[in-house]
Amino acid sequence: MRFRTVLLGLTISCNCFFLQAQLTEKDHFEISKNLDIFNSLFKELNMFYVDSLNSEEMIQQNINGMLRRLDPYTEYIPEDKMSDFQFLTTGEYAGIGSIISARGGKVIITDPYEGMPAALAGLQAGDELLEIDGISLKDKTTTFASERLKGQPSTKVKIKYQRLGVSKPTVVEITRKRIYINPVIYYNMMQNNTGYIYLSDFTAQCSQEVKAAFDDLKKKGATSLIFDIRDNGGGVVEDALEILNMFVPKGELLLSMKGKNKQMDRTYRATQQPIDENIPIVVLVNSNSASASEIVAGTLQDLDRAVVVGTRTYGKGLVQAPRQLPYNGSLKVTTSKYYIPSGRCIQAIDYAHRNPDGSVAHIPDSLTSVFQTSKGRPVRDGGGINPDFIVEQPKIPNIAYYLRMESIFFDFVNQWRIKHPQIESPATFVLKDEDYTTFKDFVKSKDFKYDRQSEKALETLKEIMEFEDYLNTASEEFTALENKLKPDLDRDLNLYKKELSFFLTQEIMKQYYYDKGQLIYSLREDTDLDKALEVLKNKDTYSKTLASPSQGTK
């Protein structure tokens with residue numbers, strides 16, 4: 001179980017050469033006609049409408065409305081958002097190296113990156129930024145603050161901040177640098193000479209980081225590998241292919257892309273001799289493993305090269321590529337679908353066929369098709385990658401979601417740190433009962449409400465019952481249901497102590513030891529990891545899982 005900030009469906013950046021689709025004369029006429037109509041209509045509105053119009057906002061809304069009819073991955077990126085987009089695909093930008101957020105008119109440091117200027121200067125999660133180069137941040141947005149924190153490498157920025165438990169603000173001068181976030185958050189040796197690598201994103205050059213980690217694990221004696229891409233929303237497809245090239249024979253089919261325009265079609269094969277084409281591999285996935293993650297997991301599954309463990313993946317089989325627009329903007333547009341070696345596309349939602357109300361639904365299993373891996377094992381399309389071993393995940397109580405959404409875990413740890421400047425390592429730390437009791441008191445001191453969906457549903461039911469005149473005759477039953485569904489904070493804080501202690505400790509690890517510490521702690525109670533180690537320990541189980549159906553039944 002994890003509470004990592006997740007970005008669902010991160011784009012696949014593909015350096016494709018685009019050729020304009022052949023349009024008929026009628027198509028050209030219809031496009032020109034409607035653009036002329038829109039242009040004239042907007043000019044008339046802007047000139048004669050009774051109130052002033054915000055033209056930029058209105059046109060932006062029209063653009064977004066048009067793109068919403070397609071799929072959630074096709075989007076317009078204006079000039080002022082390009083740096084954020086480039087960071088998602090490259091993992092690089094220039095600044096101090098920290099995530100910030102705005103809460104209650106304050107700009108807060110929420111996640112300083114390990115080893116980056118902000119962390120090295122002593123800034124930590126929970127610090128309130130008061131001024132940047134003498135400019136007050138009171139009631140300012142994160143965009144306002146971010147624009148001033150970023151800058152050219154080697155330039156300096158002066159930051160004034162306030163920390164809980166410290167009477168006076170602190171002023172620090174930080175030298176900006178090019179920030180690179182290594183997506184290989186953690187790797188290490190596990191039991192039975194098993195190497196473990198966690199990859200958080202498929203950013204540009206991440207394949208080099210994976211290779212470096214794998215080479216180091218081999219030197220330490222790794223004879224099997226767990227490749228963890230859970231909660232990895234995808235990214236750069238070229239690096240996903242480079243990682244696959246490390247483990248499969250040269251010449252193997254890895255991926256195909258097919259679009260409306262045949263000039264867009266691409267076929268990718270392994271182009272290099274692999275580093276190790278025999279080492280046993282388990283790939284860990286979950287419902288947040290998407291896009292490039294699914295290419296890696298699905299291709300290794302189709303080639304019978306790795307055992308996949310976890311839960312079904314997200315199901316994003318669409319490829320995006322950037323198209324440059326005037327005034328330094330960009331269009332990230334879905335250009336094709338990708339197909340892994342068995343021939344299956346794992347896209348879970350058919351955006352081209354919407355319901356009358358505009359909604360879309362997952363493709364039901366009954367409408368999916370069966371394909372075969374290299375050895376003839378049956379696999380399906382249309383709904384992500386289904387693991388070879390599905391590990392049932394414990395249900396997360398609703399109260400935990402709301403505690404995180406309201407930043408209760410985060411705020412408590414900020415205060416808790418005042419009395420706990422140092423703690424044990426992520427591998428050994430145990431939350432004490434008295435600390436959990438303090439946490440419960442902290443939660444009760446807040447105006448904390450949860451199970452709001454039940455509350456909304458009850459309110460809707462009440463309105464319907466009043467409209468249909470059932471409330472008078474069923475008032476006792478409704479009141480009983482209302483009382484049963486009413487949240488009980490004391491009860492739930494005690495009932496879910498184990499789960500809430502786990503998530504609270506995750507937040508503690510993150511604030512003291514960054515993402516790496518949070519991950520190390522999470523692996524201590526990880527059913528997916530346990531299953532992976534079990535599969536790799538039993539060579540017979542591993543080989544039978546990847547064997548052809550006829551061999552597996554002998």
Answer yes or no: is there a donor N or O on one side and an acceptor on the other, between the side chain of [X] and the main chain of [Y], under 3.5 Å?
X      : Y      : result
Asn494 : Arg491 : no
Arg269 : Glu252 : no
Asn414 : Ala125 : yes
Asp228 : Leu199 : no

Criterion side-chain contact (heavy atoms from CB on, under 4.5 Å) against Leu431, the qualifying member of Ile423, Leu504, Leu500: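 Per the side-chain contact (heavy atoms from CB on, under 4.5 Å) rule, the option paired with Leu431 is Leu504, out of Ile423, Leu504, Leu500.
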
Does a donor on one side chain sit under 3.5 Å from an acceptor on the other, for [X] and [Y]?
X      : Y      : result
Asn232 : Tyr198 : no
Ser342 : Thr373 : no
Thr311 : Asn286 : no
Asp528 : Gln393 : yes
Ser289 : Arg230 : no
Glu209 : Asn182 : yes
Tyr542 : Asp540 : no
Gln208 : Asp239 : no
Asp216 : Tyr187 : yes

Go through the structure and list residues passing side chain to side chain contact (heavy atoms under 4.5 Å, CB included) with [X], not counting sequence neighbours.
X      : result
Ser374 : Leu303, Asp304
Arg103 : Ser101, Ser407, Phe410, Asp411
Lys537 : Asn192

In a check of ring pair (Phe, Tyr, Trp, His ring centres under 6.0 Å) between Phe439 and each of Trp416, Phe503, Phe409, which one passes? Phe409

Ionic contact status for [Y] with [X], cut-off 4.0 Å:
X      : Y      : result
Asp215 : Lys219 : no
Lys510 : Asp111 : yes
Asp490 : Lys440 : no
Asp433 : Lys497 : yes

Is there a side-chain contact (heavy atoms from CB on, under 4.5 Å) between Ser425 and Thr428 once you walk through the steps? CA-CA 6 Å; Ser425 72; Thr428 58; 3.2 Å; yes

Given side-chain hydrogen bond (donor to acceptor under 3.5 Å, both in side chains), test Asn288 with Tyr314 step by step and report yes or no. CA-CA 6 Å; Asn288 293 326; Tyr314 185 77; over 6 Å; no

Cation over ring, [X] on [Y], under 6.0 Å and within 45°?
X      : Y      : answer
Lys258 : Tyr339 : yes
Arg417 : Tyr512 : yes
Lys316 : Tyr73  : yes

Any side-chain heavy-atom pair of Tyr513 and Glu114 under 4.5 Å: no

d(Thr110 OG1, Ile100 CD1) to nearest 0.5 Å is 8.0 Å

Return yes when atom NZ of Lys220 has more than 12 non-hydrogen atoms of other residues, nucleotides or ligands closer than 6.0 Å, and no otherwise. yes

